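Here's the structure, in structure tokens; my notes come after.
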Protein chains: 2
Amino acid sequence: MAPKEKKSRPVGRPPATATRKRILNAAEKLFAERGFDGVTVRQITAEAGVDTALAHHHFGSKRDLFARVLLRRAEAHMEERDAAMARCIAAAGGKPGLRDVILAYVQPYLERARSSDKGWRTYFKLLAKTNTSPEWAPEVFSGQFDPFVRRFIDALKLAVPGVPEERYYWAYHYLSGALVLTFADTGRLDRLSGGVCSSADFEKGFL
Amino acid sequence: MAPKEKKSRPVGRPPATATRKRILNAAEKLFAERGFDGVTVRQITAEAGVDTALAHHHFGSKRDLFARVLLRRAEAHMEERDAAMARCIAAAGGKPGLRDVILAYVQPYLERARSSDKGWRTYFKLLAKTNTSPEWAPEVFSGQFDPFVRRFIDALKLAVPGVPEERYYWAYHYLSGALVLTFADTGRLDRLSGGVCSSADFEKGFL
DNA sequence: GTCTATACGGCGATAGAC
DNA sequence: GTCTATCGCCGTATAGAC
């Protein structure tokens with residue numbers, strides 16, 4: 001007997017998961033392309049092929065939906081980055097090289113971006129847009145990202161000790177800016193270089 | 001006789017310049033804070049203290065107004081950057097150092113950002129937002145910025161010759177990402193560092 | 001050049017039948 | 001859980017008086 005049969009859905013797995021997922025995926029895609037204000041709830045539900053009212057039923061306000069889209073992938077991603085950094089430090093016996101620390105920061109991005117789930121590319125693109133918008137920083141960004149960033153900066157101090165405190169933060173800032181622009185996926189590099197570069201080869205820059 | 005005289009509105013200075021300026025300044029400020037879709041024409045004209053209809057009378061559509069805001073400062077800024085780069089190359093007799101090329105790229109930003117006209121900071125913030133939005137790249141960005149970027153990349157080749165072509169473009173890409181995030185003015189670095197860094201000290205990172 | 005008035009459509013969100 | 005219908009509001013843009 002397949003566990004597919006239900007009555008009022010007794011022990012089954014999907015409570016209403018399919019619809020929720022469709023909405024989240026559509027929202028992720030459209031928010032990433034046009035930003036929070038550039039998309040309407042109606043466009044999202046149209047893309048998902050469901051009714052407008054369902055978005056509100058499942059997620060509340062448009063703003064809540066946006067936050068939910070961000071949080072969906074954040075936890076897994078941050079755990080992975082934490083693990084990579086811990087591995088990097090442990091493998092070096094507590095004194096990692098600068099290059100290794102940077103790679104531990106960057107690699108989880110590159111791997112997710114290469115994965116078969118295209119949604120990760122979309123998510124990173126959304127992060128890039130959100131990153132230059134002070135509006136979401138306090139409530140979403142800081143809560144989810146700061147713990148890992150602090151761990152990265154601690155690792156930087158292990159790799160290159162004895163530098164004035166603020167320089168570590170600026171180093172993070174520049175690395176972050178460069179990485180984020182890469183995933184913003186503007187196509188600008190492709191056009192500018194007349195085809196010499198392709199933003200799809202985002203790994204080439206980190207050789 | 002100056003060719004200034006018209007017919008109606010005889011010798012006076014302000015044709016309608018004052019109102020146009022007020023609208024442009026208000027639009028620059030609000031677009032920089034909330035992006036194109038996050039602002040309404042009504043909010044802009046309210047901020048400027050003029051009537052809604054005037055924005056359309058002077059600038060046409062909201063989209064046209066946005067483009068005009070970008071273009072207003074672009075020309076002067078790009079000319080200045082061109083001059084700085086030309087000076088850098090000439091002073092080194094055609095073989096500039098890498099550091100000098102990068103400084104020639106960055107300095108015009110820092111100087112304008114420090115200037116008494118606060119509008120330049122606002123403009124750079126607006127650029128940062130627009131930079132991660134593919135939407136405006138073709139029509140505004142490429143036309144105004146690409147010529148200078150090509151000159152920068154040519155200078156890079158003088159400073160560090162013999163590198164595979166695409167690496168020059170990636171180098172520009174990373175520098176651009178770092179610089180742009182600096183002027184996005186998200187306040188994130190301030191919060192993250194608990195006051196050790198201030199984004200107002202944007203020059204500290206380029207020491 | 002400037003403002004009043006308004007057209008017309010789409011917005012986020014909800015109530016309630018099924 | 002899902003859809004139909006709708007509320008009340010605000011968006012961009014324009015016509016026309018002054």
Side-chain angles (χ1 to χ4, degrees), chain A residues 3-31 33-70 133 135-136 139, chain B residues 4-31 33-70 135-136 139:
Chain A
K4 213 49 178 299
E5 77 167 15
K6 32 161 120 184
K7 192 167 29 196
S8 59
R9 201 185 44 73
V11 259
R13 246 120 296 133
T17 316
T19 299
R20 290 176 61 96
K21 211 170 196 170
R22 293 173 65 84
I23 295 173
L24 284 173
N25 287 342
E28 185 174 69
K29 177 184 164 194
L30 293 179
F31 281 144
E33 282 169 3
R34 298 181 233 158
F36 180 79
D37 295 307
V39 177
T40 70
V41 175
R42 289 164 137 93
Q43 290 168 337
I44 291 170
T45 51
E47 170 86 20
V50 304
D51 192 274
T52 308
L54 285 178
H56 290 109
H57 175 72
H58 286 294
F59 300 101
S61 73
K62 181 187 178 186
R63 209 181 158 80
D64 290 338
L65 172 59
F66 185 84
R68 188 57 67 99
V69 168
L70 280 185
S133 307
E135 192 187 347
W136 296 93
E139 63 187 277
Chain B
K4 213 46 181 300
E5 74 168 18
K6 301 264 274 254
K7 200 192 337 222
S8 57
R9 200 184 46 71
V11 257
R13 241 115 303 127
T17 317
T19 300
R20 288 176 62 98
K21 211 171 196 170
R22 293 173 64 84
I23 295 174
L24 284 172
N25 287 342
E28 185 175 68
K29 177 185 165 193
L30 293 179
F31 281 144
E33 281 168 5
R34 298 182 232 157
F36 180 79
D37 294 308
V39 177
T40 70
V41 175
R42 288 211 224 275
Q43 289 168 337
I44 291 170
T45 50
E47 170 85 21
V50 304
D51 192 273
T52 308
L54 285 178
H56 291 109
H57 175 72
H58 286 295
F59 300 101
S61 74
K62 181 187 178 186
R63 208 180 159 79
D64 291 338
L65 171 59
F66 185 85
R68 189 55 68 101
V69 167
L70 279 186
E135 194 187 346
W136 296 93
E139 64 188 275

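Lettering of chains follows the sequences in order, A, B, ..., and the numbering in each one begins at 1. No experiment lies behind these values; they were computed from the predicted model shown.
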Rounded interatomic separation in angstrom, taking [atom1] from [X] and [atom2] from [N]:
X: B:F66; N: D:dG11; atom1: CZ; atom2: C1'; value: 18 Å
X: A:R22; N: D:dC3; atom1: CZ; atom2: P; value: 10 Å
X: B:I23; N: C:dC3; atom1: CD1; atom2: C1'; value: 13 Å
X: B:F59; N: D:dT14; atom1: CZ; atom2: C1'; value: 18 Å
X: A:I44; N: C:dG10; atom1: CD1; atom2: P; value: 17 Å
X: A:D51; N: C:dC18; atom1: CG; atom2: P; value: 16 Å
X: A:R34; N: C:dC11; atom1: CZ; atom2: C1'; value: 15 Å

(request) Please check the phosphate of C:dG12 (OP1 and OP2 only) for any side-chain N or O of A:R42 closer than 4.0 Å. (result) no

(request) Please state whether the phosphate of D:dA13, meaning OP1 or OP2, lies under 4.0 angstrom from any side-chain nitrogen or oxygen of B:H56. (result) yes

Quick check: closest heavy atoms across [X] and [Y], and the distance to 0.1 Å?
X: A:K62; Y: A:F36; result: NZ-O, 3.0 Å
X: B:A27; Y: B:V69; result: CB-CG2, 3.8 Å
X: B:E47; Y: B:A26; result: CG-CB, 3.5 Å
X: B:G38; Y: A:D37; result: CA-OD2, 3.4 Å

(message) Can you confirm whether A:R34 is buried at CZ, in the sense that more than 12 heavy atoms of other residues, nucleotides or ligands lie under 6.0 Å from that atom?
(response) yes

Checking contacts here: which listed nucleotide ([options]) is nearest the side-chain heavy atoms of [X]?
X: A:L54; options: D:dT2, C:dG12, D:dT14; result: D:dT2
X: B:K62; options: C:dG12, D:dT12, D:dC3; result: D:dT12
X: A:H57; options: D:dG1, C:dG12, D:dT12; result: D:dG1
X: B:S61; options: C:dC11, D:dG11, D:dA13; result: D:dA13

(request) Name the nucleic acid region contacted by B:H58, choosing base, sugar-phosphate or nothing; use a 4.0 angstrom heavy-atom cut-off, strictly under. (result) sugar-phosphate

(request) Remember a base hit wins even if backbone is also touched, and classify B:T19 as base, sugar-phosphate or nothing at under 4.0 Å, heavy atoms. (result) sugar-phosphate

(message) By nearest heavy atom, map B:R63 and A:T52 onto DNA chain D; which one lands nearer the 5' end?
(response) A:T52

